[in-house]
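Please read the structure below before turning to the comments.
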Amino acid sequence: MDIFNPGNQVEEKQTIDGLIKKISEYSPEDDFDIIKLAYDFAKDAHQGQKRASGDPYIIHPLATAYNLAEMKADLPTIAAGLLHDVPEDTKISITEIEHNFGKEIYSLVDGITKLGRLKYRGIERYAENLRKMFIAMAKDVRVIFIKFADRIHNLQTIEHLPRDKQKRIAIETLEIYSPIANRLGMGEIKHKLEDLAFKTLQPKEFNWVESLKKAPLSRQNKNIEKIKKIVENNLKKNNIKYESIHGRPKRIYSLYKKLLEKDRDINKIYDLIALRILVPDIQSCYTTIGIIHNHWAPLKGRIKDYIAAPKPNGYQSLHTTVFAEGGQIVEFQIRTMEMHEQAEYGIAAHWHYKEKGHLKIPKKHAEWIKELIKIQKNFKDNEQYLQKIKLDVFGDRIFVFTPKGDVIELPEASSPIDFAYHLHTELGKKIIGAKINDQIASLDTELKSGDLVEILIDKNRLTPNEDWLRFVKTKTAKDHIKSGLNKKTKKFLNLKSFK
Ligand code: MN
């Protein structure tokens, strides 16, 4: 298995022939003249310019276009990828691009140029940045794909930039780009962006994870080969015409986040390598999981049917974890080819199902984007707008409303108690009940984004309840409850001593 070295495409990436070869892998009948024209045009425009690395500038648009071809982009998008830095960095104007390449490519390059003028300047510019990203995406989602492809190459060559610039780009990638890639179901892009940004931001931690996983990975890898053979034989016996079975090592940043949850102990991580099985149809997915469970016992609570219940970003697969040969715990992911492309490239996977040159966006994504436009129209105010957007993009935070319409941000699964302490210590101390969306609710109810929460108080109440510590999520609530309880104990002791 070649999992340690997933292909070196540096050479191909740097030539127009390599680019065209890559496109013809998924679109052999296309006429590549427009790509060659865009390449010549960009090469002339950037003539004499150099990257920070000292390379001729054209290397960058070529690599961007190549990254787009890896996402199986359509020709106008790839042409726009080649031209994306022309209006910003050369004497050639956007009008000349329209004149030479027509309206569609013009509007893609224009979108990317406008987006490029935004520079991440920390949290205060964050809302504005997000808003512009979403507007661009709503206009034509392909602009965001070009931005991803551009960003991936910039991160790959980031060591030539000053350290503060490196940090800014890496933070922006983790805070804005990768959540959007995730929301669009583009798993491969998300992981690429995350690993590159992580490497830039925390090089020591990155190296630690990389060296930590080496030994267990190569140990498991040998075993995985055996397990793979057994699965292959069983599938053949049952006439399942699988398309491929391959081991997929966990990506570095995902592994890092999991390690932090598991006391930095790699032995507690069961899905260091997952075995991915691609089969022709949905029926075969279920038959295959049956065959696997017939051979090895599944771990409780680890069977997940994302085919019947897809993830919100459209991800579909069957997952299971089993006790396999030699006591090794192995995760399987079973899916069809179409599900696989969706998982890797999300909404971009639908590119080659296009009709008359137009990108056909699947309904659920189209609706999400429409929703964003609506939000954008309704919320002129940046702050409120940001809260609404985060509600969609950032899964681990929730946004709830006070009766006055203020938006309060809390961690996922927060309770009315967290909400009360967030607003005011007195409110936390005196809470006796809560109304969520006008319904009386118990104090341990998990709040959800969009809930309207009203706190009911008892003015005479002086101390919090110890039980609350079992379910509160915020540090503010925990600290206040504990200090409230300490005071109560002290008072009690004082009373006793007076008796
Ligand atoms: Mn660029």
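First listed ligand is number 1; within each ligand, the first listed atom is number 1.
For Lys311 and Tyr315, the positive end sits near the middle of the six-membered ring, less than 6.0 Å away and at most 45° from its axis.
Within the sub-2.8 Å shell of the Mn ion (ligand 1), the protein contributes these N/O/S atoms: His60 NE2, His84 NE2, Asp85 OD2, Asp150 OD1.
Aromatic pair Phe41/Phe101: ring centres closer than 6.0 Å. When ring centroids are compared, Tyr306 and His319 come within the 6.0 Å threshold.
Using a cut-off of 4.0 Å between Lys/Arg side-chain N and Asp/Glu carboxylate O, Lys473 and Asp418 are scored as not salt-bridged. Salt-bridge check for Lys250 with Asp271: passed, with a basic side-chain N closer than 4.0 Å to an acidic carboxylate O.
Between Asp265 and Leu259 there is no side-chain heavy-atom pair separated by less than 4.5 Å.
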